[in-house]
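Okay, structure first, notes after.
Below, read A as the first sequence line, B as the second, and so on, with proteins coming before strands; counting in each chain starts at 1.
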There are 2 protein chains.
Amino acid sequence: MVPGVGDVFRAIAEPTRRALLDELAERDGQTLFDLCSRLAVKHDLTPTRQAVSQHLAVLEDAGLVSTRREGRYKFHRLDTRPLRAIAERWPVPPDDPDDPEPREDRP
Amino acid sequence: MVPGVGDVFRAIAEPTRRALLDELAERDGQTLFDLCSRLAVKHDLTPTRQAVSQHLAVLEDAGLVSTRREGRYKFHRLDTRPLRAIAERWPVPPDDPDDPEPREDRP
DNA sequence: ACCATACGCAAGTCCAGACTTGCCTGTCAA
DNA sequence: TTGACAGGCAAGTCTGGACTTGCGTATGGT
């Protein structure tokens, strides 16, 4: 498929998909089953294998994940470059330490 | 409401809301009606006033838009700081010019 | 007082998309 | 070949959320 960059924004709108990106950021080249078990153990997420597979497809569509087949395995790799479009679209001012502003809710 | 930063990711997943952010990035302090007409003229989007109002509420929830009441007017202001969480969560490598990678689909 | 303006609230409709279920294909090892 | 394993495909369910409709509430002008 020619990368029309199937909506990066929509891709990262889903918590499970964000967790998948987190996992891949920590360790590249994981398989579908690897990611399934890591989601369960580290994120308390227990979607079915097919659900995860569909999420990975969305991420791949968005260009955020690239894959490499090897025998019966399919390895997944994170590609953060599409995220650059966000930073470029709405430039963020430099961080101001004493600025009581919302922080993200991650563990 | 205490800013739990009501999902910044979900907020920017919607095309109309992204257009609203674009408008506010270009000109701060616009009212609901201002934004409605600009959406129509510049983005070919014609949602009803209520739809836009609801979108703005979502953006405000996410901390991406702050508001200031003045008489019967309510002015909206863009705040990109919550977007910093995205850049920090998945660091983007420095730009490599000869790198045939997806670009965004904006006009 | 009156009316237009600027906006909010609440209930209802409707569809994209997240998730499941069931079955199928391909790969490797014994 | 047989079985286990890694993954894909397709159809169906169901819920969140985008959008509309209709009415209500302030504010400001004349």
Side-chain angles (χ1 to χ4, degrees), chain A residues 1 4-24 27-40 43-62 64-77, chain B residues 1 4-24 27-40 43-62 64-77:
Chain A
M1 170 203 329
V5 190
D7 212 336
V8 180
F9 300 98
R10 204 184 62 78
I12 62 174
E14 231 284 334
T16 303
R17 285 198 286 266
R18 293 200 292 271
L20 284 171
L21 293 181
D22 288 340
E23 270 315 308
L24 289 174
R27 176 186 305 211
D28 255 346
Q30 299 193 62
T31 69
L32 174 58
F33 278 70
D34 289 341
L35 290 165
C36 279
S37 44
R38 284 179 188 276
L39 277 189
H43 299 265
D44 263 324
L45 297 172
T46 55
T48 62
R49 178 182 59 83
Q50 287 81 351
V52 176
S53 176
Q54 284 163 12
H55 280 312
L56 286 170
V58 173
L59 291 172
E60 194 173 358
D61 250 43
L64 288 166
V65 163
S66 63
T67 59
R68 161 180 52 102
R69 288 219 67 131
E70 202 157 312
R72 58 176 163 177
Y73 298 105
K74 185 175 182 182
F75 300 105
H76 301 262
R77 181 178 178 79
Chain B
M1 168 202 328
V5 190
D7 213 336
V8 180
F9 300 97
R10 204 185 64 76
I12 62 174
E14 232 284 334
T16 303
R17 285 198 287 265
R18 292 199 293 271
L20 284 170
L21 293 182
D22 287 340
E23 269 316 306
L24 288 174
R27 175 186 307 211
D28 256 345
Q30 298 193 64
T31 69
L32 174 56
F33 277 71
D34 289 341
L35 291 165
C36 279
S37 44
R38 286 180 185 275
L39 277 189
H43 298 267
D44 262 323
L45 296 172
T46 56
T48 62
R49 176 183 61 82
Q50 289 82 351
V52 176
S53 176
Q54 285 163 11
H55 280 312
L56 287 171
V58 172
L59 290 172
E60 194 173 359
D61 249 44
L64 288 165
V65 164
S66 63
T67 59
R68 162 179 54 100
R69 288 221 68 132
E70 201 157 313
R72 58 176 163 175
Y73 298 104
K74 185 176 183 183
F75 300 105
H76 298 79
R77 180 177 178 79

Taking for each residue the nucleotide of DNA chain C with the nearest heavy atom, is it F33(B) or G71(A) whose nucleotide lies nearer the 5' end?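 Closest to the 5' end, via its nearest nucleotide, is F33(B).
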Could you check how far [atom1] of [X] sits from [atom2] of [N], rounded to whole Å?
X      : N       : atom1 : atom2 : answer
D7(A)  : dA16(C) : CG    : P     : 15 Å
Y73(B) : dG8(C)  : OH    : P     : 14 Å
F75(B) : dC7(C)  : CZ    : C1'   : 13 Å
L59(A) : dA18(C) : CG    : P     : 10 Å
E70(A) : dC28(C) : CD    : C1'   : 14 Å
E14(A) : dC19(C) : CD    : C1'   : 10 Å
L20(B) : dA18(D) : CG    : P     : 12 Å
L39(A) : dA18(C) : CG    : C1'   : 14 Å

Which is it for T67(A) and F75(A) under the side-chain contact (heavy atoms from CB on, under 4.5 Å) test, yes or no, and what are the steps along the way? CA-CA 5 Å; T67(A) 59; F75(A) 300 105; over 6 Å; no
Does any N or O in the side chain of D34(A) come within less than 3.5 Å of the main-chain N or O of T31(A), such that one atom is a donor and the other an acceptor?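 Yes: the side chain of D34(A) pairs with the backbone of T31(A).
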Side chain R10(A), main chain A13(B), donor-acceptor under 3.5 Å: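 Not confirmed, R10(A) side chain does not pair with A13(B) backbone.
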Any N or O donor-acceptor pair under 3.5 Å from the base of dC7(C) to the side chain of R72(B)? no
Think [X] has a side-chain N or O under 4.0 angstrom from the OP1 or OP2 of [N]?
X      : N       : answer
T48(A) : dT20(C) : yes
H55(B) : dC19(D) : yes
R10(B) : dA18(C) : no

Hey, what are the protein-to-nucleotides 8-10 of chain D N/O distances that come in under 3.5 Å?
from, atom 1, to, atom 2, distance (Å)
dG8(D), OP1, K74(A), NZ, 2.9
dG8(D), OP2, S53(A), OG, 3.2
dG8(D), N7, R49(A), NH1, 3.4
dG8(D), O6, R49(A), NH2, 3.0

Spacing of CD1 belonging to I12(A) relative to CG belonging to L21(A), to within rounding of 0.5 Å: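 So the gap between those two atoms works out to 8.0 Å.
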Before giving the answer on side-chain contact (heavy atoms from CB on, under 4.5 Å), spell out for L35(B) and L24(B) the whole-Å C-alpha distance, their side-chain angles and the decisive distance to 0.1 Å. CA-CA 8 Å; L35(B) 291 165; L24(B) 288 174; 4.0 Å; yes
Determine, step by step, whether L32(B) and R49(B) satisfy the side-chain contact (heavy atoms from CB on, under 4.5 Å) criterion, reporting the C-alpha distance in whole Å, the side-chain angles of both residues, the deciding distance to 0.1 Å, and the verdict. CA-CA 8 Å; L32(B) 174 56; R49(B) 176 183 61 82; 3.6 Å; yes
Going by the rule side-chain hydrogen bond (donor to acceptor under 3.5 Å, both in side chains), which residues pair with Q54(A) if we only count those two or more places apart in sequence or in a different chain? none
